[in-house]
Amino acid sequence: MSKKEISRRLFLKGTAAAGASVAAASLLAACGNEPAPTAAPTAAPTAAPTAAPTVAPTTAAPTTAAPTEPPATERPVTEPPAPEFVWETGVTNAESVTGDPNRNWTLWDPADETKTLSREGRGDIGENGAVSSPDAWSAWAGVKVMQAGGNAVDAAAAVAFAISVCDPQHSGIGGGGFMTMRDAKTGEYRFINFRETAPTYALDGNYWPVAPRNPDADPTDPNTSWSVVAGTNASTSGGRAVGVPGTVAGMAYAVENYGSGKMKLADLIQPAVDLAKNGFWMGPTTSSCLENNYNNLLKYPEFGKVYLLDEATAEQLDRPIYATGDKFTNPDQVKTLELIQELGPDAFYNGEITDAMINVINKYGGVFIKDDFANYTAKEKQPVEGEFMGKKIISTPLPSSGGTCICQILNIMEAYGTDKLKEYGHNSAMYLHVLQQAMALTYADRGVYLYDYGEEVEKERAVMDALTSKEYAKYLASLITEDGMVEAVAHDPFEFEHQDTVSYSVADKEGNIVTVTFTVNGIFGAKLIPDGYGFILNNEMDDFNKNPYHPGHIAPGKYPLSSMSPTIVLNEDGTPFMTCGSPGGATIIAAVAQVILNVVLFGMEAQEAVNAPRINSSLSVENRVGAEVMDQLTAMGHKVTDWGEWTPSAGSNQIIVYDADGKLHAGADPRRDCKAWAF
């Protein structure tokens, strides 16, 4: 019976409880034990008579010697005992991650059968360095690199490769992103773009089946909303969803140009190799994402090969996929990582890994050629710069909309009046009203002005400068009233223009800062894995505007628009203050802006700022703000959506703050499996 059929039957049987963990003792009880083989007899057969018969026989009997040993008795035929079934389960605790019994932390309570994420213990404080990352394993990989003498860039590369192993549903070497950094020696800051690009044959008009959402709308209007034809999923899964991955090129570029020089790229990949080879305990976020993608695991066998249990194990456990607490290894990804260690980025962009990527992409409808990979390069650009309450904001330029939008939101909030906002109080109804209005105005501009301008560098910079100008923010802030709703439409920033105008975080005590946001876009990206190589390919092409008349439409070699916003905040004198970033698609901008407001405007400590309830631009609200606040917002005319207490959809902030006590305060988001480590 095939793995696919076994998985299907188990799932239909109602036993595919991928989110539950099974204790080792109950596993053994369910499997049973083979009976022990029957023991060989220990007693000898009856002894031969020693006395002669009393009557002589009429015919002489043949003389035979009495046996000196008893005849051998044949042992009963039995099957050898089956080896005892052992399935390794465990808990992500501090000692399992760091090897240090003095560190005290667990991602979930070992006694909790539901394996619910613990909200406590996510942050850390240290004097020398800190890393805040989507999972504890990759964060510790970064700490180990800094402890061994590497700088923040070295550590960031180690974290990226480890994330590919331990947080595959969100990111990895099959994706791409952005890096924002500060060099402590020079005080300079830089931005590296390793975003995915469209392949050569991504020709608009026939790449996907698309059509206007409203058949009565003018199809030639750039602002008409278009979408991929329902039921095809062409832009979200399969070969036409994939962009050329940039992570390997980006990390190699960063290490070569800004690493410490003490470590080679191969050294920085080694923690990821160890994790893929030796295994780690799977967390609740990954296991729940696997459960939600069960049908895709069956639909794409290369994907299922890595994350479905083998037939024998599936039968023993009575479930088809990995669950929280299972020890997970990825031998195929070990092969990939070791090839990159040996041959460098060429192994990925011009070697057998390339061939495997092209094969699986084109098998599922893609049109990739080798030049798509061979021609890929990471690029440096000038970051976006802004200012808020005396702090300098350094963030992402296009093709990310994030940096521009964050600066614009903060500018509007400052122009509205920071004293007034403090009087309203953090997450009061009036504060959230103003924040949502600022976001709505910003997102309206995003949809019109922000996209990849390609070679039109001067035009691109002019647009970002106009949108982030203080004068434009004053105009937008003037539209916000306490008792009304703004019209969320784009305005003209050029009327006010003037001339002076991913994610994980790594920082050290010298002031070297690196913040990275990178992704495979949707959960498990395009659901494709190059056969035998163990890593997920992105579905980043879905970020292109589907309207072929919009300037952000798909085209060969073009970057899709992004919201990823790895951001650095500096003091007025240029010294480091904080670093932050978040995953989460369009909610990234809202998540990063709010955590900056929490720290700078309201003076919150790092972990407190990360934990605080959030909203998004359409006013989905984490209900920890309180029912009264949500009722007040509704009375103001807002359409409020209850987001629950803690939702991963609200983003996942990873921040490090250079606190007044001289230490690094790292905060990690409890909405997912995130953890910060410091030393």
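- When the options T567, T468, T180, T515 are evaluated for a side-chain hydrogen bond (donor to acceptor under 3.5 Å, both in side chains) with S395, the one that passes is T567.
- Counted by atom type alone, S618 and N616 present one or more donor-acceptor pairs between their side chains at under 3.5 Å.
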Report the C-alpha distance between Q169 and T285 in whole Å, list the side-chain angles of each, state the deciding distance to 0.1 Å, and finish with yes or no for side-chain contact (heavy atoms from CB on, under 4.5 Å).
CA-CA 9 Å; Q169 70 278 5; T285 298; 3.5 Å; yes
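- The environment of CD in E380 is crowded: more than 12 heavy-atom neighbours from other residues, nucleotides or ligands sit within 6.0 Å.
- Side chains of Y472 and D445: a donor on one and an acceptor on the other come within 3.5 Å.
- For the pair K391 and F577, the cation sits on the ring face: its NZ or CZ lies under 6.0 Å from the ring centre, inside 45° of the axis.
- Note on residues 579-630: pairs passing ring-ring contact (aromatic ring centres under 6.0 Å, His included), not counting sequence neighbours, are H426-F602, Y431-F602.
- Note that the CG atom of D659 and the CD atom of E605 stand 7.0 Å from one another [nearest 0.5 Å].
- A 4.5 Å side-chain heavy-atom check between I655 and M578 finds at least one atom pair inside the cut-off.
- Between Q654 and C674, the shortest heavy-atom contact is NE2-SG, 3.1 Å.
- S400 places no side-chain N or O within 3.5 Å of a backbone atom of T396 that could act as its donor or acceptor partner.
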Please determine whether side-chain contact (heavy atoms from CB on, under 4.5 Å) holds for the pair F388 and V569, giving the CA-CA distance in whole Å, both sets of side-chain angles, and the decisive distance to 0.1 Å.
CA-CA 9 Å; F388 176 68; V569 182; over 6 Å; no
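- Across all non-hydrogen atoms, the minimal contact from P576 to L570 is CA-CD2, 3.8 Å.
- Annotation: cation-pi pair K420/Y416 present, NZ/CZ under 6.0 Å from the ring centroid and within 45° of its normal.
- Under the 3.5 Å distance criterion, with hydrogens and angles disregarded, no donor-acceptor pair is assigned to the side chains of Q632 and T634.
- When all heavy atoms of A473 and A415 are compared, the closest pair comes out as O-CB, 3.9 Å.
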side-chain contact (heavy atoms from CB on, under 4.5 Å) assessment of V210 paired with V229:
CA-CA 5 Å; V210 294; V229 174; 5.8 Å; no
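- Of the possible polar contacts, none joining the S133 side chain to the S138 backbone as a donor-acceptor pair under 3.5 Å is found.
- Residues satisfying the ring-ring contact (aromatic ring centres under 6.0 Å, His included) test with H491, not counting sequence neighbours, are Y475.
- The stretch residues 618-648 participates, sequence neighbours left out, in these ring-ring contact (aromatic ring centres under 6.0 Å, His included) pairs: H433-H638.
- Of all non-hydrogen atoms in G581 and S505, the two that sit nearest each other are N-OG, 4.5 Å.
- Using modelled atom types, one finds no donor on one side chain facing an acceptor on the other under 3.5 Å when comparing S237 with N233.
- Here F191 pairs with F178 under the ring-ring contact (aromatic ring centres under 6.0 Å, His included) rule; sequence neighbours left out.
- Here the side chains of I615 and Q436 are in contact, with some heavy-atom distance below 4.5 Å.
- Within the 4.5 Å cutoff, the side chain of I163 has heavy atoms near those of the Y504 side chain.
- Nearest approach of D218 to T224, heavy atoms of both residues: O-OG1, 2.7 Å.
- Using a 4.5 Å heavy-atom threshold, the side chains of V520 and L537 count as separate.
- Within the 4.5 Å cutoff, the side chain of M251 has heavy atoms near those of the M179 side chain.
- Separation of atoms OG (S503) and CE (M564) is listed at 9.5 Å; rounding is to 0.5 Å.
- N598 and Q594 share no donor-acceptor pair across their side chains, judged by distance under 3.5 Å alone.
- Scanning all heavy atoms of the two residues, the minimum distance from S235 to K546 falls at OG-CE, 3.8 Å.
- Among pairs with a residue in residues 217-247, none fulfils ring-ring contact (aromatic ring centres under 6.0 Å, His included), at least two apart in sequence or across chains.
- Contacts of D135 classified as salt bridge (charged side-chain N to carboxylate O under 4.0 Å, His left out), with partners at least two apart in sequence or in another chain: none.
- In this view, E540 and R195 satisfy the salt bridge (charged side-chain N to carboxylate O under 4.0 Å, His left out) rule, not counting sequence neighbours.
- For the atom pair S171 OG and I536 CD1, the distance stands at 11.0 Å (nearest 0.5 Å).
- Atoms CD1 and OG, on I589 and S563 in that order, are 4.0 Å from each other to the nearest 0.5 Å.
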Carefully, step by step, assess R461 and Q382 under the rule side-chain contact (heavy atoms from CB on, under 4.5 Å).
CA-CA 9 Å; R461 181 54 57 175; Q382 181 183 347; 3.5 Å; yes
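- Side-chain contact annotation: K381 with N193, donor-acceptor N/O pair under 3.5 Å absent.
- Of the inter-residue distances, the one linking E471 atom CD with N411 atom CG reads 9.5 Å to the nearest 0.5 angstrom.
- Between the side chain of S132 and the backbone N or O of G667 there is at least one donor-acceptor pair closer than 3.5 Å.
- Contact of the T519 side chain with the N538 side chain is not registered, since no non-hydrogen atoms from C-beta on lie closer than 4.5 Å.
- Taking the ring-ring contact (aromatic ring centres under 6.0 Å, His included) definition, one finds that Y658 meets it with nothing, sequence neighbours left out.
- In this structure a side-chain-to-backbone donor-acceptor pair under 3.5 Å is missing from T587 to A650.
- In this structure D452 satisfies the side-chain hydrogen bond (donor to acceptor under 3.5 Å, both in side chains) test with no other residue, sequence neighbours excluded.
- With sequence neighbours excluded, no residue forms a side chain to side chain contact (heavy atoms under 4.5 Å, CB included) with A211.
- A heavy-atom distance below 4.5 Å is found between the side chains of Y207 and R240.
- If you run side-chain hydrogen bond (donor to acceptor under 3.5 Å, both in side chains) between N623 and each of T647, T641, D642, only D642 comes through.
- For the 3.5 Å distance criterion, the side chains of Y453 and E458 fail to qualify, holding no donor opposite an acceptor.
- Within the 4.5 Å cutoff, side-chain heavy atoms of V629 are placed close to those of L432.
- A salt bridge does not link K474 with E414: every distance from a Lys NZ or Arg NE/NH1/NH2 to an Asp or Glu carboxylate oxygen is 4.0 Å or more.
- In this structure, the salt bridge (charged side-chain N to carboxylate O under 4.0 Å, His left out) partners of K392, at least two apart in sequence or on a different chain, are E385.
- Every salt bridge (charged side-chain N to carboxylate O under 4.0 Å, His left out) that R671 has, sequence neighbours left out, goes to E622, D669.
- Note that the OH atom of Y549 and the CG atom of D221 stand 11.0 Å from one another [nearest 0.5 Å].
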